[in-house]
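Okay, so here's the structure we're looking at.
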Amino acid sequence: MAQIVQVEAFAKHVNGVGGGMQEIFPNDFDPATVVPEPLPPVVLVDEANETKQKICEREIVLGKNVHTTCLEVTEPEANDDFTGDKEAYMAGILARYRKSLMERTKYHLGYPYNLDFDYGALGQLQHFSINNLGDPFIESNYGVHSRQFEVGVLDWFARLWEIERNDYWGYITNCGTEGNLHGILVGREVFPDGILYASRESHYSIFKAARMYRMECVKVDTLMSGEIDCDDFKVKLLANKDKPAIINVNIGTTVKGAVDDLDLVIKTLEENGFKQDRFYIHCDGALFGLMMPFVKRAPKVSFKKPIGSVSVSGHKFVGCPMPCGVQLTRMEHINALSRNVEYLASRDATIMGSRNGHAPIFLWYTLNRKGYKGFQKEVQKCVRNAHYLKGRLLDAGISVMLNELSSTVVFERPQDEEFVRRWQLACQGNIAHVVVMPNVTIDKLDDFLNELVEKRSTWYKAGKDQPPCVAADIGNENCICALHK
């Protein structure tokens, strides 16, 4: 009975029953407030072998159901044109939403988005429906496009990844996942019976691609750093030696920011009988694909090596108000996908068809403003600040790991989910991470550290609870729990 009452109440909320204007946010609404949610229960798994310790497994903590806070769409009143009530109502909603965005931006550390950008000069273009549908290099009959900006951006990345203008094909995607979906699709078209190999720490979009394309997918073990384990890769290659290999190489893994050794992957393939006509490599460079060229001693991602495609996100290191990305592949591979479309008077080898024509302009604008030198300075700043954060965590007695070529700082997962949500940390199992981006300042890191240290003093009171052991996640040398100090 109680459930029926709740459903009826929700139906009234959605349909606006009861008359009058619905107040979406109460007057005392505070966008900075994080609604406390209970910690997930800790499941103790007692092994039959008494020599093994009890293992603590966390349940995945999901965010709250947005249906409970959604902003309903209501019909205008008959006299709205005269009263202006609806416009005032929507203006109030947007003003409070903007305030909440500003507040949440202050406390963002866990996801690889550069929030430091200013595209005010491009506001003049927001009145146009810019759509780059079809092939970036062939105009369609739809004239409101930004192909000239898009190809300019693609040429910039072609120079960065060392491939001649006439030898590559690419396009600006709607997100990093689309770049991975396209890269794996090209690999499958080149080798229809190929097996997809990806490390266990690859982005989930790689395994999504395998499901979508019904590809056989082999997960390869990783080293403690998160980098692909080429010894295990060799074993799994030899078990499927009769089929071509399609390999995803991570230029920065999702959780640990590990960079797969591209040269070692190629060497492993060649030493085990896979010549270049029997493998296809896609490089997922979502974040670090743009940072790596500016990191000293970093291995080079280049089309001068036998790779098939590279993708990178545009909204991550570059910074953009909407998700977007760049996907480049070799021209010789794209003919298997490309089709003439009479309706467009163009060709199409993209995944989405219609594509955001504003995104190329945003990317073009930033690339022109910063250039290679500007990005180099920002990469150096991010790496320097990441090492600063690692040092502060160590000084506070907190287990921490930072890969050499990374700005992703991995540490023990905070015990309080309210703290996790406040700082928008990305967590997996017993670890969390901060991704140090160009907008993350020393002051912001200090605020985070000070609050974390204060909270830990209540989580781990003397003689009571102890910080978790994360040696299994980041290695004995990086864990400073009571056992590994």
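All residue numbers in this chain count up from 1 along the given sequence.
Between the side chain of N250 and the backbone N or O of D260, no donor-acceptor pair lies under 3.5 Å. Between the side chain of Q424 and the main chain of Y107, a donor-acceptor pair closer than 3.5 Å is present. Using a distance-only test at 3.5 Å, with no hydrogens or angles considered, a donor-acceptor pair links the side chain of H182 to the main chain of A349. In this structure, H315 contributes its side chain and C324 its backbone to a donor-acceptor pair below 3.5 Å. Formation of a donor-acceptor pair under 3.5 Å by the R330 side chain with backbone atoms of F303 is found in this model. Within the 3.5 Å criterion, the main-chain N or O of I480 finds a donor-acceptor partner in the side chain of S399. Of the possible polar contacts, none joining the S407 side chain to the A386 backbone as a donor-acceptor pair under 3.5 Å is found. Listed for the H358 side chain is a donor-acceptor partner under 3.5 Å among the backbone atoms of F128. No side-chain donor-acceptor contact under 3.5 Å links K256 to the backbone of E227. Put simply, the side chain of D348 gets close to the backbone of T350: a donor and an acceptor are under 3.5 Å apart.
V435 approaches G110 most closely through the heavy-atom pair CG2-O, 3.8 Å. Listed here is the closest heavy atom pair of N174 and S354: ND2-O, 4.2 Å. Across all their heavy atoms, Y142 and V144 have their closest contact at CE2-O, 3.0 Å. Contact between Y168 and V151 at its shortest, heavy atoms only, is OH-O, 4.1 Å. Contact detail for G285 and I251: the closest heavy-atom pair is CA-CB, 3.7 Å.
A 6.0 Å sphere centred on CD of E164 holds no more than 12 heavy atoms belonging to other residues, nucleotides or ligands. Enclosure of atom NZ in K236 by more than 12 non-hydrogen atoms of other residues, nucleotides or ligands within 6.0 angstrom is indicated. More than 12 non-hydrogen atoms from other residues, nucleotides or ligands lie less than 6.0 angstrom from CZ of R159. Counting non-hydrogen atoms of other residues, nucleotides and ligands closer than 6.0 Å to CD of E454 gives a total of 12 or fewer. Heavy atoms from other residues, nucleotides or ligands lying under 6.0 Å from CE of M322 number more than 12. When the shell of 6.0 Å around CG of N166 is examined, it contains 12 or fewer heavy atoms from other residues, nucleotides or ligands. Surrounding CD of Q376 are more than 12 heavy atoms belonging to other residues, nucleotides or ligands, all under 6.0 Å away.
Classified by interplanar angle (parallel below 30°, tilted 30° to 60°, perpendicular above 60°), the ring pair W459/F419 is perpendicular. Between Y119 and Y365, the ring planes are tilted. Angles from 30° to 60° get that label.
With N180 as the fixed residue, the side-chain hydrogen bond (donor to acceptor under 3.5 Å, both in side chains) test singles out one of Q327, H282, K208: H282. Under the side chain to side chain contact (heavy atoms under 4.5 Å, CB included) rule, V400 has a single partner from V409, N478, V470, V434, which is V409.
Side-chain contact between S313 and L287 is absent, with no heavy atoms from C-beta onward closer than 4.5 Å. Residues C283 and W161 have side chains not in contact (no heavy-atom distance under 4.5 Å, counting atoms from C-beta outward). At least one side-chain heavy atom of C217 sits under 4.5 Å from a side-chain heavy atom of F207. Between F279 and L237 the shortest side-chain heavy-atom distance does not fall below 4.5 Å. Side-chain contact between T408 and T253: absent, with no pair of heavy atoms (C-beta onward) separated by less than 4.5 Å. With contacts defined as side-chain heavy-atom distances shorter than 4.5 Å, the pair V420/C427 qualifies. Considering only heavy atoms from C-beta on, P468 stays 4.5 Å or farther from C481 through its side chain. Looking only at side-chain heavy atoms (C-beta outward), I247 and L269 come within less than 4.5 Å of each other.
Between the side chains of S146 and N132, at least one donor N or O sits under 3.5 Å from an acceptor N or O.
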For this session: Applying side-chain hydrogen bond (donor to acceptor under 3.5 Å, both in side chains), run through N439 and Y113 and close with a yes or a no.
Result: CA-CA 9 Å; N439 62 293; Y113 306 137; over 6 Å; no
For this session: Go through the steps for E150 and Y171 under the test side chain to side chain contact (heavy atoms under 4.5 Å, CB included), then give the verdict.
Result: CA-CA 7 Å; E150 181 172 18; Y171 72 105; 3.7 Å; yes
Problem set entry | Pair Y280-S309, side chain to side chain contact (heavy atoms under 4.5 Å, CB included): steps then yes or no | CA-CA 8 Å; Y280 178 97; S309 53; 2.8 Å; yes
For this session: Given side chain to side chain contact (heavy atoms under 4.5 Å, CB included), test F233 with V218 step by step and report yes or no.
Result: CA-CA 9 Å; F233 180 43; V218 174; over 6 Å; no
Exercise. Can Y204 and T177 be said to form a side-chain hydrogen bond (donor to acceptor under 3.5 Å, both in side chains), step by step?
Worked result: CA-CA 9 Å; Y204 71 89; T177 288; 5.0 Å; no
For this session: Report the C-alpha separation of Y213 and L181 in whole Å, then their side-chain angles, then the decisive distance to 0.1 Å, and conclude whether the side chain to side chain contact (heavy atoms under 4.5 Å, CB included) test is met.
Result: CA-CA 9 Å; Y213 305 146; L181 293 178; 3.6 Å; yes
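K267 NZ to N272 CG: the interatomic distance, rounded to the nearest 0.5 Å, is 11.0 Å. Distance check: Y197 OH to I246 CD1 gives 10.0 Å after rounding to the nearest 0.5 Å. Atom CD of E412 sits about 11.0 Å away from atom CG of D473, to the nearest 0.5 Å. Note that NE2 of H484 and CG of N476 are 4.0 Å apart. Values are rounded to the nearest 0.5 Å. The CG atom of D135 lies 5.0 Å from the OG atom of S346; values are rounded to the nearest 0.5 Å.
The pair K106-E103 meets the salt-bridge criterion, since a charged nitrogen lies less than 4.0 angstrom from a carboxylate oxygen. The residues R200 and D221 are annotated as salt-bridged, a charged nitrogen and a carboxylate oxygen being separated by less than 4.0 angstrom. A salt bridge links D446 to R392: one of the charged nitrogens lies within less than 4.0 Å of a carboxylate oxygen. One finds no salt bridge joining E178 and R355 here, because no Lys/Arg side-chain nitrogen approaches an Asp/Glu carboxylate oxygen to under 4.0 Å.
Screening residues 299-326 for salt bridge (charged side-chain N to carboxylate O under 4.0 Å, His left out), with sequence neighbours left out, gives E162-K300, D263-K305. Listed by first then second residue, pairs satisfying salt bridge (charged side-chain N to carboxylate O under 4.0 Å, His left out) with a partner in residues 272-286 number zero, not counting sequence neighbours.
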